[in-house]
Amino acid sequence: MNHDDLRDWSKRAADWAHGYHAGLRDRPVRAPLIPGKIAAQLPQAPPEQAEGMEQIFADFEAILPGITHWQHPRFFAYFPANAAPASMLAEQLANAIAAQGMIWQTSPALTEVEQVMIKWLTQALGLPDEFTGTIHDSATTATLSAVLTMREAALNWRGLTQGLSGAPRLRLYCSAETHSSVDKAARLAGIGQDNLVKVPTDSTLSMKPGALAGAIAADRAAGFLPIGVVLCAGGTSVGAFDRMRDCIAIAHAAGLPVHVDAAWAGSAMICPEFRELWAGVEAADSIVFNPHKWLGAQFDCAVQFLRDPTPQVKTLGLRPSYLETAGKEDIVNFNEWTVPLGRRFRALKLWFTLRAYGLEGLRSRIRNHVAWAQEACDAIAKIDGISIITKPSLSLFTFACSTDAQTESLLGKINDDGRIYLTQTRHKGRLVIRMQVGQFDCTRDDVMLAPQVISELMV
Ligand code: PLP
């Protein structure tokens with residue numbers, strides 16, 4: 001395949017994509033789950049000779065039955081991974097350029113558009129001007145970066161050179177409502193799962209600030225070295241929020257930095273009326289949110305805001321001679337803010353998305369999602385045999401049947417039916433079905449089909 005072929009096939013791919021998206025409502029949302037079925041369709045060895053694109057494209061279409069359609073307007077599972085058309089276009093252009101932005105001079109535009117997008121998003125979310133930041137692939141990497149920084153700041157940057165074997169036992173704090181990426185960060189950063197203290201929550205599912213203060217003090221008295229606190233703004237399970245102002249005040253009073261995981265809910269903060277949910281967040285040291293979840297800039301795109309990037313750059317940055325930028329020592333090299341060296345042009349899809357819909361266009365989508373989730377929740381509450389377990393937190397709520405076995409069976413029926421897609425979690429030990437509304441192109445009719453499907457399948 002050469003660049004002339006690429007032009008022709010790109011046009012064909014664009015037409016194919018248009019048809020795919022136009023026909024999504026006619027497809028079952030979730031792929032049938034038959035392990036090994038797709039792998040069995042593929043040759044088990046690579047071709048020695050070049051193959052024709054017609055055949056390659058036909059084989060691509062043949063794996064579609066193994067795709068769960070994340071852009072389906074009735075995808076209500078997990079959290080969304082939205083891809084607005086303008087974002088897809090930007091990704092095509094970024095792919096065409098295929099530039100690698102590891103340091104400023106490898107493509108100044110990549111770094112500078114990213115810096116401006118961080119500034120735009122700071123304003124869009126109502127955060128103070130002093131925040132700067134960067135774009136990671138995922139919230140998991142952003143949280144790992146924040147936790148590594150907490151560790152090194154606590155060790156006065158000795159861990160980087162001496163390792164952890166002689167270090168005191170470190171402690172990190174979060175609630176059980178935070179995402180497992182915090183557990184992963186504790187494991188990977190050498191803190192250890194046992195030293196991730198899950199601080200109890202109150203009836204609102206916020207971490208108890210007093211319990212946080214008590215845990216830090218008790219650990220210090222026992223000779224541990226507390227390094228920081230991770231707070232939850234919109235937990236994955238049921239959308240829990242820690243009370244930012246109180247918890248950050250406790251952490252800071254104890255001299256500990258705070259990272260906030262707002263991977264999902266952060267997008268909603270473009271609407272001023274939802275900001276009360278994370279009131280006080282402006283005092284945090286680091287915040288992550290994923291435009292690739294609810295804002296329309298597709299995966300992968302996780303934005304980390306930093307009050308002061310210096311400790312993170314001191315932790316993650318290395319500047320070997322082959323990466324020096326002669327005479328430009330003061331410019332920003334974003335690889336020094338993140339784990340990988342190489343970087344894609346992720347800021348382009350933010351730029352296109354924010355411009356093509358405008359903040360008002362994006363706000364109205366999120367407001368609709370929140371309102372429709374409430375409507376769907378009210379309708380599901382009326383179905384015999386179903387109870388709402390957690391009320392909508394923004395656009396996420398959960399419900400269940402009387403027993404776990406009935407709930408599991410209902411979920412199986414819903415997803416085999418294919419018109420909608422929902423997933424499960426456990427809340428206070430009970431199996432519950434999660435429903436979130438957030439797909440970029442969903443309509444009220446799409447959302448209100450959910451109660452209809454559920455009520456049909458309950459009889
Ligand atoms: N934090 C929260 C609240 C999440 O819901 C998720 C994923 O759903 C993550 C973090 C991890 O996100 P990522 O896939 O970007 O690593």
Side-chain angles (χ1 to χ4, degrees), residues 68 70 75-83 87 121 125 133-148 172-189 196 198 201 205-207 229-242 244 247 258-269 274 277-278 281 284 286-305 338-340 343-344 346 349-350 366 369 373 390 392-398 421-427 432 434-439:
T68 289
W70 282 71
F75 181 100
F76 305 125
Y78 304 104
F79 281 137
N82 278 339
S87 162
L121 287 171
L125 270 60
T134 189
I135 307 178
H136 299 259
D137 55 355
S138 64
T140 301
T141 317
T143 294
L144 174 62
S145 304
V147 169
L148 286 167
L172 178 67
Y173 306 85
C174 69
S175 90
E177 295 296 324
T178 37
H179 185 262
S180 60
S181 51
V182 183
D183 301 65
K184 189 177 265 191
R187 289 167 178 227
L188 296 185
L196 175 61
K198 299 279 171 90
T201 51
L205 300 180
S206 162
M207 176 190 283
V229 179
V230 180
L231 296 179
C232 169
T236 312
S237 195
V238 299
F241 281 82
D242 289 323
M244 299 289 141
C247 296
V258 174
H259 170 69
V260 175
D261 179 1
W264 162 65
S267 294
M269 303 309 168
F274 299 135
L277 287 168
W278 73 351
V281 74
S286 164
I287 304 165
V288 63
F289 99 104
N290 282 353
H292 73 223
K293 283 191 161 58
W294 204 2
L295 208 61
Q298 74 212 65
F299 191 84
D300 52 359
C301 189
V303 168
Q304 183 189 16
F305 298 109
T338 58
V339 174
R343 324 188 79 243
R344 304 176 57 238
R346 298 192 184 92
K349 59 195 166 196
L350 278 171
I366 287 176
H369 297 160
T390 56
S393 167
L394 294 168
S395 64
L396 167 67
F397 62 94
T398 63
Y421 182 24
L422 302 176
T423 46
Q424 78 296 326
T425 188
R426 272 197 185 272
H427 182 64
V432 300
R434 295 168 76 259
M435 175 161 175
Q436 65 74 27
V437 179
Q439 216 289 323

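Each ligand, and each atom within it, is numbered from 1 in the order the structure gives. One-based numbering along the sequence shown.
- Here the protein heavy atom with the shortest distance to atom 13 (P) of ligand 1 is Ala139 N, 3.6 Å.
- For Lys198, the NZ atom sits in a packed shell: over 12 heavy atoms of surrounding residues, nucleotides or ligands are nearer than 6.0 Å.
- Across His179, Lys184, His292, His136, heavy-atom proximity to atom 9 (C) of ligand 1 is greatest for His179.
- Close approach of ligand 1 to Phe79 is summarised as follows: ligand atoms under 4.0 Å from at least one heavy atom of the residue are 5 (O).
- Contact annotation for Asp300 and ligand 1: no heavy atom of the residue comes within less than 4.0 Å of the ligand.
- When all heavy atoms are compared, the tightest approach of Gly296 to Ser87 is O-CB, 3.3 Å.
- Atoms of ligand 1 found under 4.0 Å from any heavy atom of Ser181 (numbered from 1 in listed order, with element): 10 (C).
- In terms of protein heavy-atom proximity, atom 7 (C) of ligand 1 is nearest to Lys293 NZ, 3.1 Å.
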Any chance you could lay out the side chain to side chain contact (heavy atoms under 4.5 Å, CB included) test for Lys349 and Phe299, step after step, and finish with the verdict? CA-CA 10 Å; Lys349 59 195 166 196; Phe299 191 84; over 6 Å; no
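- For ligand 1, the atoms sitting less than 4.0 Å from at least one non-hydrogen atom of Gly234 are 3 (C), numbered in the order shown with element in parentheses.
- Ligand 1 has an N or O atom lying under 3.5 Å from an N or O atom of Thr140, backbone or side chain.
- The shortest heavy-atom contact between Gln439 and His369 is O-NE2, 3.1 Å.
- Atom numbering of ligand 1 starts at 1 in the shown order; those under 4.0 Å from a heavy atom of Thr236 are 2 (C), 3 (C), 4 (C), 5 (O).
- The shortest side-chain heavy-atom distance between Phe289 and Trp294 does not fall under the 4.5 Å cut-off.
- Residue Asp261 has at least one N or O atom closer than 3.5 Å to an N or O atom of ligand 1.
- Once rounded to the nearest 0.5 Å, the distance linking CG of Leu196 with OG1 of Thr178 reads 7.0 Å.
- Ring geometry, Phe75 versus Tyr421: the interplanar angle exceeds 60°, so the pair is classed perpendicular (tilted spans 30 to 60°).
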